[in-house]
Amino acid sequence: MLTINSRIRDYEVHYHETLEFVSLLKQNPEYHWVIDKNVWELYSPRIFRDLDQAKVILFPIDEERKTLVGVQEIYDRLIEKKARRNTVLICVGGGILQDITGFVASTLFRGLEWVLVPTTLLAQADSCIGGKTSLNYKVFKNLLGTFYPPSRVLVCPSFLLTLNDIDFYSGLGEVLKLHLMGGENKVKELAGMLPGIEQKNPRALMTTIQSSHEIKYSYMREDEFDKGKRNLLNFGHCFGHALESSSRFAIPHGQAVILGILLANTVALTRGLMSEKKQNMIAEKLLLPALSVKLEREYFSQQPVVEAMKKDKKRIGEGLALVMMKNEYEMIQVNDLATAEVSIALDTIAGWLEQRGKFRTGDNLVFP
Ligand SMILES: NC(=O)c1ccc[n+]([C@@H]2O[C@H](COP(=O)([O-])OP(=O)(O)OC[C@H]3O[C@@H](n4cnc5c(N)ncnc54)[C@H](O)[C@@H]3O)[C@@H](O)[C@H]2O)c1
Ligand SMILES: [Zn+2]
């Protein structure tokens, strides 16, 4: 178990090897369940069979519904179901459902208690700790949000056995980011563990998830509300969010983070902060094998990417903001990134990816 100290409420992360913990949750009459529809379909015979249907909201997942529209739908359903101030929401799903349910919990009746059961690799390894809730607004990713941690997080890697490759490798993007931020030993540990992770070996998954939490917590501990050190967790996200926008969310979040790290490292190389050797090692050994999505050249067009980066909510100066890694796995944020640097990085990485067959071609229009 890991206890996370928060100025809003301290909360515990529990790690479970099997899905049996769900039966205990089912006994509390004040619980209202918000469940990812896909998870429901996959798991209802096994774990949700005897749930009181009057207490269940099934939510079909779509980044386009991680908006006020999705939130309103859940408010309406909860009011219909006579939820009260002592209602506890149990969210069972990935990062999208977590963001929506957390937002609902933080606003309905001025705050409801909620419990989080993350079911994707991204949600288990990364988003389930940190207490952020987020909604997309118009074309802007995660523009609205609150800090509102659940009272408990229950992590069980068994859920990951049913995750498809795209979502699994998307989660791996955040895992890679965190381990790079954890320093050389964490990178080595992860590199050794990758074959086990890809085979969804339960022990490898559990170790990697716990290690991801340890690293993320080390960045959040003294900066819960994103005023300084926690901003560094935006590594891979400055370019990553912009690529999600330029691809109209065709690139899954964690895959965009991988591309974002490749781009940030290219800028670091050009600025003399990282050696070519280190950049190549990270790109070829860690990032490229985890890049499963097929890309379009237009996602890397300068104009939409720069426009999206200008709207980055973490930007403070006149220039663009970028979190980068130096040679020795030391993280820094700069606020003077120039449009010309973005352009060069986009062209360099697009060319590099093209050579490695990462772009769609006529006969390759679906995910591998
Ligand atoms: N709040 C935060 O701190 C934070 C941090 C990182 C990312 N995020 C957000 O998380 C979102 C991405 O989350 P995600 O990658 O978990 O995606 P997701 O929630 O969209 O889930 C991906 C897909 O997997 C399905 N799924 C979920 N669990 C499954 C299971 N066990 N088996 C089979 N299918 C399953 C879902 O139905 C969905 O189709 C983004 O919107 C991102 O902005 C939030
Ligand atoms: Zn992320």
Side-chain angles (χ1 to χ4, degrees), residues 4 19 22 34-44 46-48 58-67 70 91-103 105-106 116-137 140-150 153 155-178 181 200 205 212-213 216 219-220 224 226 230 233-241 243-245 249 251-261 293 313-314 323:
I4 310 253
L19 295 168
V22 179
V34 185
I35 305 176
D36 176 325
K37 196 158 178 282
N38 287 332
V39 175
W40 169 268
E41 276 157 14
L42 288 162
Y43 290 86
S44 68
R46 275 160 69 196
I47 55 173
F48 301 127
L58 298 184
F59 196 88
I61 295 304
D62 181 352
E63 194 72 58
E64 304 277 330
R65 297 175 82 224
K66 199 180 98 170
T67 56
C91 169
V92 188
I96 293 191
L97 194 67
Q98 170 196 332
D99 273 347
I100 304 173
T101 311
F103 191 91
S106 71
L116 176 58
V117 181
T119 60
T120 61
L121 179 57
L122 181 142
Q124 292 194 350
D126 178 17
S127 63
C128 71
I129 65 166
K132 283 189 185 174
T133 83
S134 307
L135 298 180
N136 302 326
Y137 184 68
F140 309 118
K141 173 84 183 160
N142 294 345
L143 194 78
L144 308 180
T146 57
F147 282 99
Y148 196 74
V153 179
V155 175
C156 178
S158 294
F159 278 114
L160 307 182
L161 298 177
T162 51
L163 207 56
N164 70 30
D165 278 357
I166 296 164
D167 294 311
F168 189 78
Y169 282 97
S170 177
L172 196 54
E174 299 279 17
V175 167
L176 288 165
K177 177 204 84 171
L178 287 168
M181 295 181 70
K200 299 191 179 164
L205 289 171
S212 300
H213 290 177
K216 182 165 180 180
Y219 280 86
M220 286 163 20
E224 186 178 3
D226 250 353
R230 186 171 176 175
L233 287 167
N234 225 25
F235 184 41
H237 286 63
C238 313
F239 278 113
H241 281 154
L243 288 166
E244 280 181 272
S245 263
F249 299 115
I251 308 179
H253 180 74
Q255 292 280 293
V257 170
I258 295 180
L259 295 167
I261 298 175
V293 69
K313 58 186 179 300
K314 299 205 171 123
V323 177

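For ligands, and for the atoms within them, numbers begin at 1 and follow the listed sequence. We're numbering straight along the sequence, starting at 1.
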Exercise. Is any side-chain heavy atom of Thr67 closer than 4.5 Å to a side-chain heavy atom of Leu135?
Worked result: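 No; the side chains remain at least 4.5 Å from each other.
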Geometry only, no angles: is [X] polar-contacting ligand 1 at N/O separations under 3.5 Å?
| X | answer |
| --- | --- |
| Phe159 | yes |
| Ser134 | no |
| Lys132 | yes |
| Gly93 | no |

Distance flag, aromatic centroids of Tyr43 and Phe159, threshold under 6.0 Å: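 Close enough - the centres of the two rings lie under 6.0 Å apart.
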Contact atoms of ligand 1, heavy-atom distance to [X] under 4.0 Å:
| X | value |
| --- | --- |
| Glu63 | 40 (C), 41 (O) |
| Gln98 | 1 (N) |
| Asn142 | 43 (O) |
| Val39 | 27 (C), 28 (N), 29 (C) |

(message) Can you tell me how the ring of Trp40 sits relative to the ring of Phe48, calling it parallel under 30°, perpendicular over 60° and tilted otherwise?
(response)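 Answer is parallel, since the angle falls under 30°.
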Roughly how far, to the nearest 0.5 Å, is [atom2] of [Y] from [atom1] of [X]?
| X | Y | atom1 | atom2 | value |
| --- | --- | --- | --- | --- |
| Asp167 | Leu122 | CG | CG | 9.0 Å |
| Phe168 | Leu161 | CZ | CG | 9.0 Å |
| Ile258 | Ser170 | CD1 | OG | 7.5 Å |

task = To the nearest 10 degrees, calculate the angle at the Zn ion (ligand 2) involving NE2 of His237 and OE2 of Glu174.
result =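 Computed angle, vertex at the Zn ion (ligand 2), rounded to 10 degrees: 110°.
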- Query: What are the two closest non-hydrogen atoms of Ala123 and Gly93, and how far apart are they?
  - Reply: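 The pair with the smallest heavy-atom distance is CB-O, 4.3 Å.
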What closest approach, in Å, do Leu97 and Val92 show between heavy atoms, and which atom pair accounts for it?
->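 In this case the closest contact between Leu97 and Val92 is CD2-O, 3.4 Å.
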Looking only at protein heavy atoms, identify the closest one to [atom] and say how far it is in Å.
| atom | answer |
| --- | --- |
| atom 41 (O) of ligand 1 | Lys66 NZ, 2.9 Å |
| atom 40 (C) of ligand 1 | Lys141 NZ, 3.5 Å |
| atom 28 (N) of ligand 1 | Thr119 OG1, 2.8 Å |
| atom 23 (C) of ligand 1 | Asp167 OD2, 3.2 Å |
| atom 2 (C) of ligand 1 | Ser127 CB, 3.6 Å |
| atom 9 (C) of ligand 1 | Asp99 OD2, 3.4 Å |
| atom 21 (O) of ligand 1 | Thr120 CG2, 3.6 Å |
| atom 30 (C) of ligand 1 | Thr162 OG1, 3.5 Å |

Checklist entry - Just by distance, do the side chain of Glu174 and the backbone of Gly254 share a donor-acceptor pair under 3.5 Å? => result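 It does not hold such a pair.
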- Query: Of Val117, Val153, Thr120, which meets side chain to side chain contact (heavy atoms under 4.5 Å, CB included) against Cys128?
  - Reply: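 Testing each of Val117, Val153, Thr120 against Cys128, the sole residue satisfying side chain to side chain contact (heavy atoms under 4.5 Å, CB included) is Val153.
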Handout entry: Thr133 vs Ser106, side chain to side chain donor-acceptor pair (under 3.5 Å): CA-CA, chis, key distance, verdict
Key = CA-CA 8 Å; Thr133 83; Ser106 71; 4.6 Å; no
Ligand 1-proximal atoms of Lys37, by part, heavy-atom distance under 4.0 Å:
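Looking at Lys37 and ligand 1, no heavy atom falls under 4.0 Å.
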For ligand 1, note which part of Leu42 has a heavy atom under 4.0 Å away: side chain, backbone, both or neither.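 The answer is the side chain of Leu42.
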**OP:** Determine, for Asp99 against Lys132, whether the closest basic-nitrogen to carboxylate-oxygen distance falls under 4.0 angstrom.
**Re:**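 No, this pair does not count.
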- Query: Of the listed options (Leu163, Asn38, Leu233), which comes nearest to atom 35 (C) of ligand 1 when hydrogens are ignored and any heavy atom counts?
  - Reply: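 That would be Leu163.
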Which is closest to atom 11 (C) of ligand 1 by heavy-atom distance: Thr133, Ile96, Asp62, Ile61?
->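 When every heavy atom of Thr133, Ile96, Asp62, Ile61 is considered, Ile96 comes closest to atom 11 (C) of ligand 1.
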* To do: State the atom name: nearest N, O or S atom of His253 to the Zn ion (ligand 2).
  =>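 For His253, the N/O/S atom sitting closest to the Zn ion (ligand 2) is NE2.
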